[in-house]
Amino acid sequence: MMSSLSLIRKVACPLFLCVALAVAGCVTQETYKAQVIRTNNFQRQLAEEEKRSADLTAEIARLKNQVVELEAQNRALTAQLKEAKAQVVRSLEEVGRLQDEIKQARAAAVAPTGVAAPISKARGVAPSSTEPPDRLNELKDDGVGKKQP
């Protein structure tokens, strides 16, 4: 009887272990195929995201270059604008100087009979269509045309 019990133990233990391993370690073919499909989907999505990431990195680099170019353009245009405003200020100063000379010439021009020259334009009257407006003070307020001592 001892030998049959020993025989059962020798056969039952490995058989039990095999059954336990087979039940716990094996998966059905459907489960395996589902896992393979899921893994393939993850790999495809990863590849798509890596490509998208590379595209976005290239787009970022392109946009950074564009920003640098636009900033350089902005600096150049700002310098041109400042120069144009300074030129307008100089022109208006010259116009003002010439207007002052004309006023002085009119005031000094007196006929030998003591009659004054034609009356100059009254203050507060808008300039005629042939005279430029006096905008010198407006431009000087921008800080562009300010003279330095």
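Index from 1, following the sequence.
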| query | Can you list the residues that meet the side-chain contact (heavy atoms from CB on, under 4.5 Å) rule with Q29, with sequence neighbours excluded? | reply | K33
| said: Going by side-chain contact (heavy atoms from CB on, under 4.5 Å), name the residues that satisfy it together with L98, two or more places apart in sequence or in a different chain. | reply: E94, E101
| request: Report the distance from atom CD of E50 to atom CG of D55, rounding to the nearest 0.5 Å. | output: 12.0 Å
| Under a 4.5 Å cut-off applied to non-hydrogen side-chain atoms, are Q87 and R90 in contact? | yes
| query | Which value, rounded to the nearest 0.5 Å, describes the distance between L92 atom CG and K85 atom NZ? | reply | 13.0 Å
| task | Quick one: list whatever passes side-chain contact (heavy atoms from CB on, under 4.5 Å) with Q45, sequence neighbours left out. | result | F42
| Contacts of type salt bridge (charged side-chain N to carboxylate O under 4.0 Å, His left out), residue K64, not counting sequence neighbours | none
Show every donor-acceptor pair shorter than 3.5 Å between a side-chain atom in residues 71-78 and any protein atom, with sequence neighbours excluded, or say none if there are none.
| residue | atom | partner | partner atom | Å |
| --- | --- | --- | --- | --- |
| T78 | OG1 | N74 | O | 2.7 |

| request: Report the residues that fulfil salt bridge (charged side-chain N to carboxylate O under 4.0 Å, His left out) with E69, sequence neighbours left out, ordered by chain and then residue number. | output: none
| message | More than 12 heavy atoms of other residues, nucleotides or ligands under 6.0 Å from CZ of R97: yes or no? | response | yes
| request: Check salt bridge (charged side-chain N to carboxylate O under 4.0 Å, His left out) between D100 and all other residues, then give those that pass, not counting sequence neighbours. | output: none
| Partner set under salt bridge (charged side-chain N to carboxylate O under 4.0 Å, His left out) for E59, not counting sequence neighbours | R62
| remark: Here the side-chain hydrogen bond (donor to acceptor under 3.5 Å, both in side chains) pairs for residues 35-44, sequence neighbours left out, are R44-E48
| Can you list the residues that meet the side chain to side chain donor-acceptor pair (under 3.5 Å) rule with T31, with sequence neighbours excluded? | T28
